[in-house]
Amino acid sequence: QAQLVESGGGLVQPGGSLRLSCTASGFTLDYYAIGWFRQAPGKEREGVSCLSTTDGSTYYADSVQGRFTISRDTSENTFYLQMDNLEADDTAVYYCAREHIALTTVQAMCTMTSVASDWGQGTQVTVSS
């Protein structure tokens, strides 16, 4: 059974860093658009960053451009979100997701949260002093 499991969330002070991990099981990440999304209390889920495992193209939301980096470790069948210079507005539950690359682009997947078909359970990130 295909599954995505996030880890790495927690409490961090403003300006700090966290690295989220999303480990895939039951399938390999080849030929997928993979991405990170977040949902803050009272707000809609939004795309943060997405990556194509076929050509390496990436997409970042304007709010995280230059601070967050998405990457993939093929040997671990895992992808990551490195979050630096965190701000209070980054506080949210973060989810990883996937969709077959034949069915979407990284930009479409990240800008339309209805595109991704498989999701992890989420991990809480809290940025507070």
Side-chain angles (χ1 to χ4, degrees):
Q1 181 178 357
Q3 193 175 15
L4 296 168
V5 179
E6 302 98 336
S7 61
L11 173 65
V12 63
Q13 292 185 343
S17 297
L18 279 176
R19 188 178 77 159
L20 304 183
S21 301
C22 180
T23 299
S25 60
F27 71 102
T28 66
L29 290 171
D30 297 336
Y31 307 113
Y32 281 95
I34 55 180
W36 291 95
F37 300 76
R38 67 186 182 187
Q39 187 165 19
K43 295 186 177 181
E44 294 185 354
R45 189 172 299 187
E46 62 174 354
V48 174
S49 181
C50 295
L51 176 148
S52 166
T53 63
T54 56
D55 64 10
S57 58
T58 58
Y59 172 90
Y60 292 93
D62 290 344
S63 58
V64 306
Q65 181 76 46
R67 300 188 298 122
F68 290 11
T69 304
I70 190 170
S71 63
R72 174 197 179 194
D73 185 330
T74 303
S75 65
E76 297 293 329
N77 210 31
T78 297
F79 61 103
Y80 305 95
L81 184 68
Q82 176 67 41
M83 306 185 293
D84 298 318
N85 195 20
L86 283 159
E87 304 168 353
D89 285 347
D90 296 318
T91 296
V93 178
Y94 283 71
Y95 301 87
C96 61
R98 69 155 184 172
E99 181 54 75
H100 200 282
I101 197 62
L103 302 178
T104 189
T105 64
V106 290
Q107 182 171 352
M109 180 172 166
C110 255
T111 56
M112 296 182 288
T113 57
S114 61
V115 169
S117 57
D118 295 301
W119 294 81
Q121 82 288 353
T123 186
Q124 176 70 47
V125 172
T126 302
V127 184
S128 175
S129 56

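- Checked against side chain to side chain donor-acceptor pair (under 3.5 Å), Q107 has no partners two or more places apart in sequence or in another chain.
- Sequence neighbours left out, the pairs with a member in residues 2-33 that pass disulfide (SG to SG under 2.5 Å) are C22-C96.
- Judged by distance alone, the side chains of S129 and Q13 never bring a donor and an acceptor atom under 3.5 Å apart.
- With sequence neighbours excluded, the residues forming a side chain to side chain donor-acceptor pair (under 3.5 Å) with Q82 are D84, listed by chain and number.
- Listed by first and then second residue, the ring-ring contact (aromatic ring centres under 6.0 Å, His included) pairs that reach into residues 64-89 are W36-F79, sequence neighbours excluded.
- The shortest distance between side-chain heavy atoms of V5 and Q121 falls below 4.5 Å.
- T91 is linked by a side chain to side chain donor-acceptor pair (under 3.5 Å) to nothing, counting only residues two or more places apart in sequence or in another chain.
- Here ring-ring contact (aromatic ring centres under 6.0 Å, His included) pairs that include residues 86-129, with residues two or more places apart or in two chains, are Y32-H100, F37-W119.
- Residues satisfying the side chain to side chain contact (heavy atoms under 4.5 Å, CB included) test with D55, not counting sequence neighbours, are S52, S57.
- E46 meets the side chain to side chain contact (heavy atoms under 4.5 Å, CB included) test with R38; sequence neighbours excluded.
- Residues that satisfy the side chain to side chain contact (heavy atoms under 4.5 Å, CB included) test with S128, not counting sequence neighbours, are L11, T126.
- With a 4.5 Å cut-off on side-chain heavy atoms, T123 and V93 do not count as touching.
- A disulfide (SG to SG under 2.5 Å) check over residues 34-91, counting only residues at least two apart or in different chains, returns the pairs C50-C110.
- Within the structure, no pair that satisfies the disulfide (SG to SG under 2.5 Å) test touches residues 54-91, not counting sequence neighbours.
- With sequence neighbours excluded, the residues forming a side chain to side chain contact (heavy atoms under 4.5 Å, CB included) with D30 are T28, R72, listed by chain and number.
- The nearest pair of heavy atoms linking V64 to V48 is CG2-O, 3.6 Å.
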